[in-house]
Chemist: 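This is the structure I have questions about; it appears just below.
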Amino acid sequence: MIKILDYASAKPEEILARAPAGALPLIEAVVAEIISAVRKGGDAAVFEYTRKFDGAAVSSLTVSEAEIAEALDKTDSDLTRLLLESAENIRRFHEKGKPEAFETGDADGVILGRRVLSLETVGVYVPGGTAAYPSSVLMTVIPAKVAGVSRIMIATPPGKDGKIAPAILAAANIAGVSDIFKMGGAQAVAAMAYGTQTVPKADKIVGPGNAYVAAAKRMVFGVTDIDMIAGPSEILIIADNTADPRFVAADMLSQAEHDVLSSAVLICESFKFATAVKNEIKERTARLPRAEIAEKSINNNGKIIIVPSIKDAIEAANKIAPEHLELCTADPFDLLPSVKNAGCVFLGGCTPEALGDYWAGPSHVLPTMGTARFSSPLSVDDFIKKSNYIYYSEDALRRVKDDVSAFAAAEGLHGHAESLAVRFEEGGDR
């Protein structure tokens, strides 16, 4: 059952503990072999790995227009409505986050500026095969679309019948995807990073995946950009004695059911509240269709930390730097300024984490494994680049040339200094 720890006496490693990373060297060795094979064999290698890992003998990597039309016909109308409304919420939020270019100058012949340019080709990895996650399509593709990316492709593993789940194709159609490829795992990442006969080379690859996908993204970084290395899902809840133990337990289980490596953590002020939540978790776990997964996650990675005060709870949360942080307290907005490290903060008892997964608008692709200390949620910023520009008139350059030349000479780079001096030599053409 879930562990209960006292913050004052627990060791730091107990507070910060997460699920083990697993046999990473073994995974990396397998992934390195796959990447090498795809670089050499292109489509043929992807076909082979699709047969081997997904059990699907596909005749084409590309999803056809006919397959998309068939999927749209099969998609439940209620689900289509939900996808459309969710997409609009996501689009509206990210429109607010578009960075702006700027230009500054003076009357003395100096103009400085910054351009904001969208990436040209982006690859989105969408988990699939045994389960369909249309929310991941919306949460990754729409920010790229808002940023102005001209070509957005998704890669998702097919089922054994060689088909992609209709819900995935419906979401891709709504989000505005350019190309959909039937491929998953490390082979999909390699194909998008290096390009094949069918798959274009991506400027950036984003989206969640398993340990093999994560390892592949890490290995191709530098050839292409990536968003982040995502670990298992995690939630941390800070609750005071005004919180409802039922809500807290349900929210913890909402993440525990993802995966046996997921982590659900509660920080509260009293043993009485901790016990109430513990009992609720036990009762509610048995009701879940994914009870076995949730139970293993709670038993292995879950914990309740009892703190002397909510101030201590915030201190602990900032050390843990969770993917999802719920503030189930009487005055959550009073605490928000003190939160320094969290992927997304959910304020109040009526804001369950599931809102962020499907509906509210901010992307659910968030930093995990403590990386919220230095990284950010997926956003429009992930799909743009910035380029600066500088203009000096002849008179403006004349005013600073001696200072710039002296700076260059101080670093021993006399060619730099010469590039300024030559522009003012007698007899030169300007």
Side-chain angles (χ1 to χ4, degrees), residues 1-5 15-22 127 131 133 135-136 139 207-211 214 228-239 243-268 274 277-305 313 316-317 320-328 332 339 341-360 362-372 377-378:
M1 195 52 186
I2 193 165
K3 300 180 286 291
I4 298 180
L5 304 173
I15 300 297
L16 301 175
R18 283 178 163 92
Y133 299 102
S135 61
S136 290
M139 293 287 183
N210 63 18
M228 62 187 75
I229 305 297
S233 187
E234 51 194 43
I235 187 170
L236 190 156
I237 301 175
I238 293 176
D244 191 319
R246 297 172 303 159
F247 299 174
V248 172
D251 291 359
M252 293 176 74
L253 288 171
S254 74
Q255 296 307 290
E257 73 172 352
H258 267 295
D259 189 276
V260 295
L261 297 178
S262 298
S263 67
V265 178
L266 166 64
I267 305 179
C268 63
V277 172
K278 179 178 179 179
N279 292 338
E280 284 287 342
I281 289 174
K282 183 177 181 180
E283 180 182 338
R284 290 175 179 278
T285 300
R287 305 178 197 172
L288 295 174
R290 295 168 68 90
E292 185 177 355
I293 292 172
E295 184 174 19
K296 286 183 179 178
S297 170
I298 290 291
N299 290 346
N300 295 336
N301 311 310
K303 53 180 169 269
I304 300 175
I305 303 168
I320 295 170
E323 177 186 17
H324 308 104
L325 173 63
E326 287 189 8
L327 300 180
C328 295
V339 175
N341 303 322
C344 187
V345 185
F346 300 80
L347 299 161
C350 292
T351 316
E353 185 279 334
L355 281 172
D357 277 347
Y358 300 109
W359 199 256
S363 180
H364 71 202
V365 180
L366 303 168
T368 61
M369 304 297 288
T371 59
L378 190 77

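These values consider heavy atoms only, across backbone and side chains, with no hydrogens, waters or symmetry-generated copies. This is a predicted model, so every value here is computed, not measured.
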Chemist: Using side chain to side chain donor-acceptor pair (under 3.5 Å) as the criterion, list what pairs up with Ser136, not counting sequence neighbours.
Modeler: His364
Chemist: Ignoring hydrogens and angles, tell me if any N or O in the side chain of Lys303 forms a donor-acceptor pair with the backbone of Ala17 under 3.5 Å.
Modeler: yes
Chemist: Check whether any side-chain heavy atom of Pro127 sits under 4.5 Å from a side-chain heavy atom of Pro208, and report yes or no.
Modeler: yes
Chemist: Under a 4.5 Å cut-off applied to non-hydrogen side-chain atoms, are Leu378 and Met139 in contact?
Modeler: no
Chemist: How long is the straight-line distance from CG of Asn301 back to CD of Glu234, given to the nearest 0.5 Å?
Modeler: 10.0 Å
Chemist: Does a side-chain heavy-atom distance below 4.5 Å link Met252 with Val277?
Modeler: yes
Chemist: What distance do Ile237 atom CD1 and Glu353 atom CD have between them, rounded to the nearest 0.5 Å?
Modeler: 9.0 Å
Chemist: Checking the side chain of Arg246 only, and the main-chain atoms of Glu280 only, is there a donor and an acceptor separated by less than 3.5 Å?
Modeler: no
Chemist: Would you compute the distance between atom CD1 of Ile2 and atom CD1 of Ile281 and round it to the nearest 0.5 angstrom?
Modeler: 4.0 Å
Chemist: Please list, chain by chain and in numerical order, all residues satisfying side chain to side chain donor-acceptor pair (under 3.5 Å) with Glu295, sequence neighbours excluded.
Modeler: none
Chemist: Hey, could you give me the CD1/CG distance between Ile298 and Leu253, rounded to the nearest 0.5 Å?
Modeler: 5.0 Å
Chemist: With a 3.5 Å distance limit and no angle check, can you tell me whether Ser297 reaches the backbone of Ile293 through a side-chain donor-acceptor pair?
Modeler: no
